[in-house]
Q: 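Could you have a look at this structure, given as structure tokens, before my questions?
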Amino acid sequence: MKDKKLRSNAVTTGVAAAPARSLFRALGLTDEEMERPIVGVVSSFNEIIPGHMNLDKITDAVKAGVRMAGGTPIEVPAIAVCDGIAMGHVGMKYSLVTRDLIADSTEALALAHAFDGLVMIPNCDKNVPGLLMAAARLNIPTIVVSGGPMMAGHVEGKKSSLSTMFEAVGAYKAGTMDEETFRDYECNTCPTCGSCSGMYTANSMNCLTEVLGMGLRGNGTIPAVYSERIRLAKMAGMQIMELIENDIKPRDIMTEDAFINALTMDMALGCSTNSMLHLPAIAHECGVDLDTEVANEISAKTPNLCHLAPAGRTYMEDLNEAGGIYAVMKEIDKLGLLNTDLMTVTGKTIAENIKDAENLDNEIIRDVENPFSKTGGIAVLRGSLAPETAVVKQSAVAPSMLTFEGPARVFDSEEAAQEAIDNGEINEGDVVVIRYVGPKGGPGMPEMLNPTSAIMGMGLGEKVALITDGRFSGATRGACVGHVCPEAAQGGPIALVEDGDMISIDIPNHKLDLLVDEDVLEERKKNFVPKPPNIDTGYLKRYAKLVGDSNKGAVLN
């Protein structure tokens, strides 16, 4: 007989469950399968995202692991958007918003079908945090196993990644790259399946899943094309049965201390600024209030040990060969910055997990005595232009741009800014301001990778800054400040900026200021009317009404 404690008893046990059992039989399930714990295998496999095209194989391996350990796996779907394909057109408005669709739909599937446990199989920017949000909300035994990162491309005798492809567009438009070389980039930058090969958002979140304790060792770094990834998936399928047996749940693992660990490792790894949206949103589902301003306090004592693309010329495959996330954690733990007593999906503590980890390449993973910088990869700024905060990936900013002052060039959309950049209308010393692209104003807080890459590709990366109430891709580098809060659509100071206003960026001192007299701003406020969103129908209309501030994770209220 089945254990009475199983959640699936509601649909498999007793006279009242006979109609449900009849439907399970229609699926081909046997009595023996219905007597075992039923595991929802949430797969985001699709044929539009390179990071997901291998997830059918990962899913099959997970199901094999579940069966080997005595469970019954049931595959269910999750959606995903490819940010790279969505970039630069209306599709990017639909990227961040899918995070909540994924969480909501997974909640519905899991509770409607009384699963005993879940194995989440994501691999891209929003479905990793979306599925972690669902795990926290549902709080039933769950483990995450991703599809793994893409191998780096090879162009002009050097490794390359998606960020170099976007920057090649800028170089080609500027006339500094010929058509043959441009074609070489297009054909050879993304050579395999997997999440794009740098420390971009998908890989950042998959790595932080290991840190949070929700994924097994290697979840963030084992390349998608390695057979080791298949073995990892089988182990995840087996391990979910241990979690069900011992009733170890996500909120037992994702505690407040676990999120502080994640922020600490975020700084050490040089993760995407999007982590400053996703970690607070996941924490919110756990009942943890994660104030992003604590990031500066953590950064001040956490050295940046990794410079993966776009910050440097190393890639996820290199980090994997150097020892992976556990090796970085062990290095950071030398400074006593991690709480290593926390439980993880391995059934062991962090201390037990990283005990045997080894740094095999101290150029890929710097020793704490020889970091890339003494402070972490991300900085949170405040000031008269961002009274409630803004975010910058300081590890990807050239030293000469850490402090910068220049006149504003103001645009009310990404498209208008892109046109000006392409037409050569942006000059050395300018501060490009792109507004009305926040969570409400976008709607959907689109990424600004096209403008930032164009600026880099045109050779202006150390001469022009960019500020936005939208966000940046993990592939962005340079003096690019995002998440300006309050956003323009809510009447934040960014809405009052005019062409020629002087703006000061001081990353070391965490300052972002609009150098305009207060009385002038007060006069501008009198005539201010926020622009309405340019999409006011369907899901985006509902999203714009419900979404909260970016500095709180852009969660739906």
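Fair warning: this is a prediction, and the values are worked out from it, not measured in the lab. Note that the numbering runs from 1 along the sequence shown for the chain.
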Q: Heavy atoms only: give me the nearest Gln394-Gly376 pair and the separation to one decimal.
A: NE2-O, 2.6 Å
Q: Working to the nearest 0.5 Å, report the span between CE of Met205 and SG of Cys207.
A: 10.0 Å
Q: Check for a donor-acceptor pair, side chain of Ser146 on one end and backbone N or O of Asn206 on the other, with a separation under 3.5 Å.
A: no
Q: Any chance the side chains of Asn274 and Glu447 put a donor and an acceptor closer than 3.5 Å?
A: yes
Q: Under the 3.5 angstrom rule, does the side chain of Thr468 hit a backbone N or O of Ile434 as a donor-acceptor pair?
A: yes
Q: Flag yes if more than 12 heavy atoms outside Lys545 fall under 6.0 Å of its NZ atom; otherwise flag no.
A: no
Q: For Thr189, what residues pass the side-chain hydrogen bond (donor to acceptor under 3.5 Å, both in side chains) criterion, not counting sequence neighbours?
A: none
Q: Using a 4.5 Å cut-off on heavy atoms from C-beta on, say whether the side chain of Asn362 contacts that of Asn370.
A: no
Q: Which pair of non-hydrogen atoms, one from Ile494 and one from Ala488, has the smallest distance, and what is that distance?
A: CG2-N, 3.5 Å
Q: How many angstroms lie between CD in Glu167 and CE in Met177, if you round to the nearest 0.5 Å?
A: 9.5 Å
Q: I'd like to know whether CD of Glu369 has more than 12 heavy-atom contacts from other residues, nucleotides or ligands below 6.0 angstrom.
A: yes
Q: I need the minimum non-hydrogen distance between Gly461 and Met456, along with the two atoms involved.
A: CA-SD, 3.6 Å
Q: Of the non-hydrogen atoms in Gly51 and Asn123, which two are nearest, and what is the gap between them?
A: O-ND2, 2.8 Å
Q: With sequence neighbours excluded, tell me which residues meet side-chain hydrogen bond (donor to acceptor under 3.5 Å, both in side chains) with Asn509.
A: Asp506
Q: How far does NZ of Lys301 sit from CG of Leu337, to the nearest 0.5 angstrom?
A: 6.5 Å
Q: When you compare the side chains of His307 and Arg366, does any donor N or O come within less than 3.5 Å of an acceptor on the partner?
A: no
Q: Might you work through the side chain to side chain contact (heavy atoms under 4.5 Å, CB included) test for Leu512 and Val484, ending with a clear yes or no?
A: CA-CA 9 Å; Leu512 180 63; Val484 171; 4.2 Å; yes
Q: Ignoring hydrogens and geometry, is there a side-chain-to-backbone donor-acceptor pair from Asn359 to Gly323 under 3.5 Å?
A: no
Q: Taking it one step at a time, do Ile350 and Asn339 satisfy side chain to side chain contact (heavy atoms under 4.5 Å, CB included)?
A: CA-CA 8 Å; Ile350 290 171; Asn339 184 331; over 6 Å; no
Q: How about Tyr315 and Pro149: do any of their side-chain heavy atoms sit closer than 4.5 Å?
A: no
Q: Dump the intermediate steps for side chain to side chain contact (heavy atoms under 4.5 Å, CB included) on Asp361 and Glu321, then the final yes or no.
A: CA-CA 8 Å; Asp361 189 331; Glu321 296 303 317; over 6 Å; no
Q: Would a 4.5 Å heavy-atom cut-off, applied to side chains only, mark Pro371 and Leu305 as touching?
A: yes
Q: Can a donor-acceptor pair be found, under 3.5 Å and without considering hydrogens, that links the side chain of Asp125 to the backbone of Cys82?
A: no
Q: Do Phe259 and Glu256 touch side chain to side chain, with heavy atoms closer than 4.5 Å?
A: no
Q: Mind checking what makes ring pair (Phe, Tyr, Trp, His ring centres under 6.0 Å) contact with His284, not counting sequence neighbours?
A: none
Q: So, for Leu342 and Asn261, which heavy atoms are closest and what is the spacing to 0.1 Å?
A: CD1-ND2, 3.5 Å
Q: Going by atom types only, do Ser504 and Asp513 share a side-chain donor-acceptor pair under 3.5 Å?
A: no
Q: Is the shortest heavy-atom distance from the side chain of His483 to the side chain of Asn551 under 4.5 Å?
A: no
Q: Can you tell me how far the OG atom of Ser384 sits from the CG atom of Leu514, to the nearest 0.5 Å?
A: 5.5 Å
Q: Can you list the steps and then say if Ile378 with Ser299 is a side chain to side chain contact (heavy atoms under 4.5 Å, CB included)?
A: CA-CA 7 Å; Ile378 289 176; Ser299 177; over 6 Å; no
Q: Would a distance-only check, ignoring hydrogens and angles, find a side-chain to backbone donor-acceptor pair under 3.5 Å from Thr452 to Leu449?
A: yes
Q: Less than 4.5 Å apart, side chain to side chain, heavy atoms only: is that true for Val520 and Glu523?
A: no
Q: With sequence neighbours excluded, what pairs up with Arg542 under the salt bridge (charged side-chain N to carboxylate O under 4.0 Å, His left out) test?
A: none
Q: Looking at side-chain heavy atoms only, is the closest gap between Ile282 and Met214 below 4.5 Å?
A: no
Q: Quick one: ring pair (Phe, Tyr, Trp, His ring centres under 6.0 Å) partners of Tyr539, sequence neighbours excluded?
A: none
Q: Report the distance from atom CE of Met316 to atom OG of Ser161, rounding to the nearest 0.5 Å.
A: 11.5 Å
Q: Considering non-hydrogen atoms only, spot the tightest contact between Lys393 and Cys271 and give its length.
A: CE-O, 3.4 Å
Q: Name the atoms and distances for all side-chain donor-acceptor pairs under 3.5 Å in residues 404-433, with sequence neighbours left out.
A:
from   : atom 1 : to     : atom 2 : distance (Å)
Arg409 : NH1    : Glu425 : O      : 2.6
Asp412 : OD1    : Arg435 : NE     : 2.6
Asp412 : OD1    : Arg435 : NH2    : 3.4
Ser413 : OG     : Ala416 : N      : 3.1
Gln418 : NE2    : Asp422 : OD1    : 3.0
Asp422 : OD2    : Lys173 : NZ     : 3.1
Asn423 : ND2    : Glu419 : O      : 3.2
Asp430 : OD2    : Asn427 : N      : 2.8

Q: Output the distance between atom CE (Met265) and atom CD (Glu331), rounded to the nearest 0.5 Å.
A: 10.0 Å
Q: If you define the side chain from C-beta out and look only at heavy atoms, does anything of Lys126 sit under 4.5 Å from Asp83?
A: yes
Q: Can a donor-acceptor pair be found between the side chains of Ser275 and Asp266 at a distance below 3.5 Å?
A: yes
